[in-house]
Amino acid sequence: MRELLDELDRWRHSGTRVALARVVDIDGSGPRDIGAAMAVSAEGEVVGSVSGGCVEGAVVTEALGILNGERPAGIITFGYSDDEAFAVGLTCGGTIRLFIEELDW
Amino acid sequence: MSVYDDLAERLRAEEPVALVTVVDGPGLGSKLLVTPGSVTGSLGHGELDRVAARDSLAELEAGRSGVRRYGPEGQTTPEDLGESALVTVFIETWAPPPQMLIFGAVDFTAALARVAKVLGYRVMVCDAREIFATRRRFPMADEVRVSWPGPVFEEHGAGLGSRDAVCILTHDPKFDVPAIEGALATRVGYIGVMGSRRTHHTRLERLAEVGIDKPEQLDRLMSPIGLDLGGRTPEETAISICAEIIAERTGRSAAPLRSIDGAIHS
């Protein structure tokens, strides 16, 4: 998250709402470490990444859903090996869990 | 000050800090910010805060982040928990950057310091010779010291751990024997020593003279330093050293992926 601070500060100072997604857990093969983070502004700008590019698109949709009040903050799972797995998978075959929330704290 | 502003300030100052977030269960989204000297915010119960803060400091010390589950009142065993709903927290920690101590202000040092900076190390260059150990020659280093190894290890040795590295590039037994002695007395994760195979053998004799001859000591020395990449320039050598440091930390083979089976990330 350290690498996102400048952008996060800029958005917060301009009053733009932001959703933050962080990798909290990885099973098997995962391209980024726990703690990898990306942020999505209400205007749809994106900084950071949580995978090798496999799930970022889906994360943007979820993040905007949270900012629009269409879904609550919570854990989202991406991968193949889990029954609850999200439709979008990781090319490397692992499973990652993200926590997505509005950065209003 | 908001939790975010507090966290951002500490991250920019490279202070050790942990952020605990309830990611599932009662109090979803609640935050606790933990440092070695302070706890701010709350997860909704005093005992839960205490237990989570304690575990956060342990994770911080180990340089790990991850998910943990507690009872809503900080219960940690199934017996204490009973039928209560679980609180799942994500403990994310930011430890200060790993350190690389490079002994010997030679041509290879500048290249190694540059590559180490790319990998996020805090880099110190140390040499006893004042004309070589200058800021001007190593502008990329965080610190340049004119010193023998002894005082450097007295000052920094206790702070070295498994994520840190000591690289000894001097080729000069007068300097590298005390540097090896100093490094071996610490818990540093990587000790690499530069030199040809012949230098390595003479060095082993010099080390034996000062009583460093036990297998558990010599096994810790990556000497000659680096992976067999066949590189010659200082930059290529720096890559070979840093690649070896990564492979030592992860315990992986450093073989080309196409020649081995198994998961790429683990």
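Values in this document were obtained by computation on a predicted structure and should not be read as measured data. Scope of the values below: all heavy atoms of this structure, side chains included, with no hydrogens, waters or symmetry mates.
- Contact count versus chain A (heavy atoms, under 4.5 Å) is highest, among B:Ile91, B:Thr93, B:Thr88, B:Leu19, for B:Leu19.
- Annotation: salt bridge (Lys or Arg N to Asp or Glu O under 4.0 Å) contacts involving residues 77-89 of chain B, sequence neighbours excluded, are absent.
- Using a 4.5 Å heavy-atom cut-off against chain B, the contacting residues of residues 2-12 of chain A are A:Arg2, A:Leu5, A:Asp6, A:Leu8, A:Asp9, A:Arg12.
- Residue-environment remark: CG (B:Asp228) stays at or below the threshold of 12 foreign heavy atoms within 6.0 Å.
- Both the backbone and the side chain of B:Leu11 come within less than 4.5 Å of a heavy atom of chain A.
- Using a 4.5 Å heavy-atom cutoff, the side chains of A:Arg22 and B:Thr21 are in contact.
- For a residue to count as touching a neighbouring chain, one of its non-hydrogen atoms must lie under 4.5 Å from one of that chain's; by this rule B:Leu7 touches chain A with the side chain only.
- B:Glu9 does not touch chain A: none of its heavy atoms, backbone or side chain, sits under 4.5 Å away.
- For B:Tyr4 against A:Trp105, the heavy-atom pair with the smallest separation is CB-O, 3.3 Å.
- Taking the side-chain contact (heavy atoms from CB on, under 4.5 Å) definition, one finds that B:Pro26 meets it with B:Ala85, B:Val87, sequence neighbours left out.
- The residue among A:Val23, A:Ile75, A:Ile100 with the most heavy atom pairs within less than 4.5 Å of chain B is A:Ile75.
- The two atoms that bring B:Gly66 and A:Ile34 nearest to each other are N-CG2, 4.4 Å, heavy atoms only.
- With sequence neighbours left out, B:Tyr70 forms a ring pair (Phe, Tyr, Trp, His ring centres under 6.0 Å) with no residue at all.
- Enclosure of atom CZ in B:Arg69 is not indicated, since only 12 or fewer non-hydrogen atoms of other residues, nucleotides or ligands lie within 6.0 angstrom.
- In this structure, the separation between OG on B:Ser2 and CG on A:Asp104 is 10.5 Å, given to the nearest 0.5 Å.
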